[in-house]
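Presented below is the structure to which this report refers.
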Protein chains: 2
Amino acid sequence: MTTRDRRRRVTIADVANHAQVSTTAVSKVIRNAYGVSPAMRDRVKAAIDELGYRPHAAARAMRGRTFTIGVMLPHIRNPFFADILDGLNAQLDDTGYQAIMIQGGATQKAEAPAIDALVDRQVDGILMISPLAPRARLEAVGREIPTVVLGRHERSAVYDAVFDDDEAGAELVVNHLIGLGHRRIAHITHQDNSTARPSDLLHIIRAETYERVMREHDLAAEIAIATTYYTEEGGYDGAQQLLARSRRPTAIFAGADQAAFGALAAVHEAGLAVPGDISIAGYDNTRLAALPNIAITSIDQDGAVMGHTAARLLLERIEGRTSAVRFSVTPSLVPRRSTAAPPPQDG
Amino acid sequence: MTTRDRRRRVTIADVANHAQVSTTAVSKVIRNAYGVSPAMRDRVKAAIDELGYRPHAAARAMRGRTFTIGVMLPHIRNPFFADILDGLNAQLDDTGYQAIMIQGGATQKAEAPAIDALVDRQVDGILMISPLAPRARLEAVGREIPTVVLGRHERSAVYDAVFDDDEAGAELVVNHLIGLGHRRIAHITHQDNSTARPSDLLHIIRAETYERVMREHDLAAEIAIATTYYTEEGGYDGAQQLLARSRRPTAIFAGADQAAFGALAAVHEAGLAVPGDISIAGYDNTRLAALPNIAITSIDQDGAVMGHTAARLLLERIEGRTSAVRFSVTPSLVPRRSTAAPPPQDG
DNA sequence: ATGAAAGCGCTAACAA
DNA sequence: TTGTTAGCGCTTTCAT
């Protein structure tokens, strides 16, 4: 049983008093601003240390910077985002900037307030990872705050874009499977309620590329898409749908590793072997995909590089850059044991 | 090529002007405060909608609430934290509170500024998940801001605690393995640089319980602990260390599923079968542990319940509760295919 | 080089 | 019920 401590926090005024200088001087010192003598600096720094002063971010937000980068990500369960965050945080280290994250969730309805929350908290820069928001909203945010959008393909004049060449990646997977001799190749894609232009969304690009490549190999009749989610449950459900078809696929290309994990479970549960009966491929090359008893063929798109590039672009914008930059990583195929030639009778 | 839009945001004053009322009236309406006539309310709400006004969180922070819950978590890669966050967000839904997350990292040195960042941003409540900070720091934060600590066992008068009965959980695992006939049971634990009292940290409790139960079954001579990390890499390294021992264990109890995944990989790579040669058990019962081709025996501690309880406690404290609450979940064993009797010659 | 003072957008006494 | 006003802690002109 206690009462909340109502002792005021140490403020810039306390420091100024203690050091017998003006608050202006203290402010300049903590911002490394121009026009403070070394003596003044030392004196103030000593007072700061003695009093354990830390600037009050909310107060700063009203005049200057918050030294905060806001990251909107759909959900923390996808391990690919952890790769991105690792890259981002590594780049932010020792810059004085802190990254805060907020979950956008699976719908535009849930995402909108999450983005608002970041804007309302006056972050100095925003990274949106695979946002569902309409393009106009991204532009509006980008006009107000330095912004990087990761995972969407549209061009913008007001924010930077970091993305993977999803078309190339999907092509690698489908060609790989076709090269192994598969014809009945199915795809699991992600359902969204976005109002973004479809061709700007990565899961749409992956799905459309799958269809295109299939057609180019005269496999239009074999096209089979399950539209669920890029999650374990989604992959599980999607695979079950696909397995229930009269012409069962011999290979499943899941648009994300997360979905591939679920698909793997469904295939196992159906009493089928991977890759003996069915080959499975994913996308993102998450660390889990590399585990020996998962060993899923996947597409690597180097999340760490994407994350650290995003951070760099954000810092550049905060420093004043206004021209838009687009950064794209080239994906590569990482073949593993989950893909092999189809069973003889199905070849 | 654009210039940043310097159009001021809509403020409470703009709304007041537009509605021809005072800023106080607007403030009261947005806070649902006492003493506004229905007519006034309607008028203000209309103005808010017309202007697209949203309160400026930073400004609010200086006087009132930020409607923000800060969550410090070690790293987003651990999927168990996703369960906790799901529970938390579900409870926060429609309360007007937004959760923001910040990564604390693996060391106290990295964690300290993360916690500071939350405090400095004036969040209304803080949830710290498995923090490494010394107890005094937690108390200091708790005195300043409503706080819930998840995953540590110490009693505090100023903050609430949500935790799992780690002793019971570890006991379940070790007894399960002993019951299957194992004697050479090894453990993988987490290395930390915390200055917290060891018995307050969950990984220490799990490790000590492992030792105690081994001793109680006259297996003191078989105790083997690899101290790495509760991560995939950690589990991988730990298992390699354990496998290199002259008396190879027949079972490995990894203190967390994440580590168990890595251990699984190491065992496979060593050409050994699970559970044929070696049984593996984890902790947390993450969804991935349930995948058929991982199928790791684990301990369930219901992260969603922990998360939603944490949110509830936080909201209660924000509403004024000052007495400390402790909430503990009872863990249960989820046996899966990764654990079985040891090979005959090793029984 | 240093400091006084205005004001960022909001809340909460207090007055009317 | 409604409005006036004094700050919250900080940054930033602008004097000195």
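Just so we're on the same page: letters track the sequence lines, and every chain starts at 1. This is a predicted model, so every value here is computed, not measured.
- Residue A:Leu150 comes nearest to A:Pro131 through the heavy atom pair O-CD, 4.1 Å, listed as atom of the first residue, atom of the second, then distance.
- Ranked by how close their nearest DNA chain C nucleotide is to the 5' end, A:Pro38 and A:Ala59 are led by A:Pro38.
- You won't find any donor-acceptor pair under 3.5 Å spanning the side chain of A:Thr23 and the base of C:dA4, going by distance alone.
- Rounded to whole Å, atom P of D:dC10 lies 6 Å from atom CD1 of A:Ile30.
- For A:Ser37 and C:dT2, a side-chain-to-base donor-acceptor distance below 3.5 Å is absent, hydrogens and geometry of angles not being considered.
- At whole-Å resolution of the value, CZ in A:Arg60 and C1' in D:dT12 are 14 Å apart.
- Taking atom CE of residue B:Met40 and atom C1' of nucleotide D:dG3, one finds them 9 Å apart after rounding to whole Å.
- A donor-acceptor pair is defined here as one N or O able to donate and one able to accept, closer than 3.5 Å; no such pair exists between the side chain of A:Asp83 and the backbone of A:Ala304.
- A:Met128 is not listed as a side-chain neighbour of A:Arg152, based on a closest heavy-atom distance of 4.5 Å or more.
- Of the candidates D:dG3, C:dG9, C:dT2, the closest approach to any side-chain atom of A:Val36 belongs to C:dT2.
- Candidate nucleotides C:dT11, D:dC10, C:dG9 were compared by shortest atom distance to the side chain of B:Met62, and C:dG9 ranks first.
- Contacts of B:Tyr53 with the nucleic acid, taken as non-hydrogen atoms under 4.0 Å apart, involve only primed sugar atoms and P, OP1 or OP2.
- Separating the OH atom of B:Tyr34 from the P atom of C:dA12 is a distance of 17 Å, rounded to the nearest angstrom.
- Between B:Glu319 and B:Arg312, no side-chain nitrogen of the basic residue sits less than 4.0 Å from a carboxylate oxygen of the acidic one, so the salt-bridge criterion is not met.
- Following rounding to the nearest Å, B:Phe67 (CZ) and C:dT11 (C1') show an atom-to-atom distance of 11 Å.
- Distances shown here put every side-chain N or O of A:Arg63 at or beyond 4.0 Å from the OP1 or OP2 atom of D:dG9.
- Of the side-chain N and O atoms in B:Ser22, one or more sit less than 4.0 angstrom from OP1 or OP2 of D:dG3.
- Comparing C:dG3, D:dT4, C:dT11 by their closest approach to the side chain of A:Lys28 singles out C:dG3.
- A:Gln20 places its CD atom 12 Å from the P atom of C:dA4, with the value rounded to the nearest Å.
- If you measure from atom CG of A:Asp120 to atom C1' of C:dC10, you get 13 Å, rounded to the nearest angstrom.
- Atom CD1 in A:Ile12 sits about 5 Å away from atom P in D:dC10, given to the nearest Å.
- Listed candidates were C:dC10, D:dT12, C:dG3. Nearest to the side chain of A:Val21 is C:dG3.
- Note that the CG atom of A:Leu85 and the CD atom of B:Gln103 stand 5.0 Å from one another [nearest 0.5 Å].
- The side chain of A:Thr24 lies closest to D:dT12 when the candidates are D:dC10, C:dG9, D:dT12.
- Taking only side-chain nitrogens and oxygens, B:Ser27 comes nearer than 4.0 Å to OP1 or OP2 of C:dT11.
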